[in-house]
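Residue numbers start at 1 and run along the sequence shown.
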Amino acid sequence: MDEEERGTEGWADVTPDAARRLVIAAVEAFAERGYHATTTRDIAGRAGMSPAALYIHYKTKEELLYQISRVGHLRSLSLVRAARDTDGTPAERLDDAVRRFVRWHAEHHTTGRVVQYELGALASEHYTEIVELRRGTEDVIRSIIRDGVDSGDFDVPDVSGTTLAVLSLCIDVARWFNPAGRRTPDEVGTLYADLVRRMVGAAR
């Protein structure tokens with residue numbers, strides 16, 4: 001896991017310290033082994049705690065996954081909302097949203113893999129809540145694309161389908177991004193913003 005993700009910065013709002021350590025350990029374990037193959041003993045061991053200590057802060061392993069999923073989805077949603085709410089043209093706002101969304105999934109690729117690909121392990125009530133957050137992100141991107149279509153800046157026959165394609169493209173960065181690779185998160189963000197601009201038929 002990257003130094004930034006291992007540090008407390010990414011989970012600073014999770015308190016107390018022991019709970020934060022457990023979240024970080026769970027992210028590492030879930031990303032490495034998958035949710036179902038990870039035990040509470042694995043998580044506690046990575047956090048330097050006893051299995052019994054884990055239950056002081058989290059009743060179940062699923063509750064840890066929910067915490068990770070909720071925080072990750074709220075952060076990515078806030079990024080695209082910030083891009084949507086700027087004063088730029090639809091093309092500029094879409095560029096900004098894609099760059100932010102992609103950069104987050106690259107910089108936090110370990111967390112991103114857990115957030116995006118372990119949804120099926122959530123309990124039904126938690127799954128419903130996370131799906132609503134995902135719909136929020138989808139709504140933001142759709143609204144920007146719709147603005148571009150309405151203004152004549154974009155040529156998109158199927159706004160909903162294109163929205164899903166854009167989100168899928170961006171989210172997949174968490175699956176393959178390698179911090180030792182030749183592209184930085186910013187460079188990937190710029191590349192994907194250009195690809196999305198081509199997808200929506202925007203002038204370059």
Side-chain angles (χ1 to χ4, degrees), residues 1-12 23-35 46 68-86 88-119 130 133-134 136-145 148 153-156 159 161-204:
M1 180 176 285
D2 297 325
E3 193 64 32
E4 180 178 359
E5 288 194 20
R6 289 189 61 88
T8 59
E9 179 181 347
W11 302 99
V23 166
I24 294 169
V27 170
E28 292 179 349
F30 293 157
E32 181 181 311
R33 306 186 63 183
Y35 174 83
R46 287 173 184 261
I68 294 163
S69 296
R70 182 174 178 276
V71 170
H73 279 91
L74 283 171
R75 286 185 179 150
S76 56
L77 176 56
S78 70
L79 291 173
V80 296
R81 279 178 172 166
R84 178 198 61 192
D85 294 339
T86 60
T89 66
E92 290 168 341
R93 288 185 286 132
L94 187 59
D95 277 356
D96 192 19
V98 169
R99 283 195 183 95
R100 291 171 186 248
F101 200 51
V102 167
R103 188 168 57 235
W104 188 89
H105 281 88
E107 289 176 343
H108 303 280
H109 55 95
T110 308
T111 301
R113 284 199 302 276
V114 176
V115 166
Q116 299 294 350
Y117 297 113
E118 295 287 356
L119 284 176
I130 298 304
L133 292 175
R134 290 171 75 87
T137 298
E138 182 181 333
D139 289 345
V140 169
I141 299 300
R142 184 188 296 109
S143 71
I144 299 173
I145 294 175
D153 293 333
F154 299 163
D155 180 14
V156 179
V159 172
T162 302
T163 299
L164 293 177
V166 170
L167 290 171
S168 295
L169 185 71
C170 297
I171 286 168
D172 197 53
V173 170
R175 183 185 58 79
W176 63 260
F177 184 79
N178 181 357
R182 64 189 184 90
R183 284 195 174 95
T184 67
D186 280 333
E187 288 170 341
V188 177
T190 298
L191 171 65
Y192 275 47
D194 182 65
L195 292 173
V196 169
R197 187 178 278 248
R198 292 168 187 266
M199 287 172 62
V200 300
R204 299 180 61 204

Neighbour count above 12 (heavy atom, 6.0 Å) for Arg70 CZ: no

Cation-pi, Trp11 ring and Arg75 (6.0 angstrom, 45 degrees): yes

Nearest heavy atoms of Leu167 and Ile141, plus distance in Å: CD2-CG1, 3.8 Å

Intermediate values then yes/no, side-chain contact (heavy atoms from CB on, under 4.5 Å), Leu169 and Met199: CA-CA 11 Å; Leu169 185 71; Met199 287 172 62; 4.3 Å; yes

Contact summary for Arg113 and Ala174, nearest pair of heavy atoms: CG-O, 3.0 Å

side-chain contact (heavy atoms from CB on, under 4.5 Å) between Leu119 and Ile130, worked out: CA-CA 8 Å; Leu119 284 176; Ile130 298 304; 3.4 Å; yes

Side-chain donor or acceptor of Glu32 paired with backbone N/O of Ala29 under 3.5 Å: no

Under-4.0 Å salt bridge between Arg198 and Asp194: yes

Test: Arg99 and Asp96 ion pair at under 4.0 Å: no

Leu94 side chain reached by Phe154 side chain, heavy atoms, under 4.5 Å: yes

Arg81 side, atom CZ; Asp139 side, atom CG - distance, nearest 0.5 Å: 9.0 Å

Ion pair Arg142/Glu138, N-O distance below 4.0 Å: yes

Gln116 (side chain) donor-acceptor with Ile171 (main chain) under 3.5 angstrom: no

Thr110 and Phe30: CA distance, side-chain angles, deciding distance, side-chain contact (heavy atoms from CB on, under 4.5 Å) verdict: CA-CA 9 Å; Thr110 308; Phe30 293 157; over 6 Å; no

His109 to Pro179 - nearest heavy-atom pair and separation: NE2-CD, 3.6 Å

Smallest separation among heavy atoms of Ala106 and Phe177, with atom names: O-CD2, 3.3 Å

Side-chain touch Pro185/Val102, heavy atoms, less than 4.5 angstrom: no

SB check Glu28 Arg33 (cutoff 4.0 Å): no

Donor-acceptor contact present, side-chain Ser168 to main-chain Ala165, <3.5 Å: no

Exercise: identify the closest heavy-atom pair between Pro90 and Asp153: CD-OD2, 3.5 Å

Closest contact, heavy atoms only, Arg134 versus Val115: NH1-O, 4.3 Å

CA sep, side-chain torsions, deciding dist, call: Phe101, Thr137, side-chain contact (heavy atoms from CB on, under 4.5 Å): CA-CA 10 Å; Phe101 200 51; Thr137 298; 4.0 Å; yes

Leu191 and Arg183, any side-chain heavy atoms less than 4.5 Å apart: yes

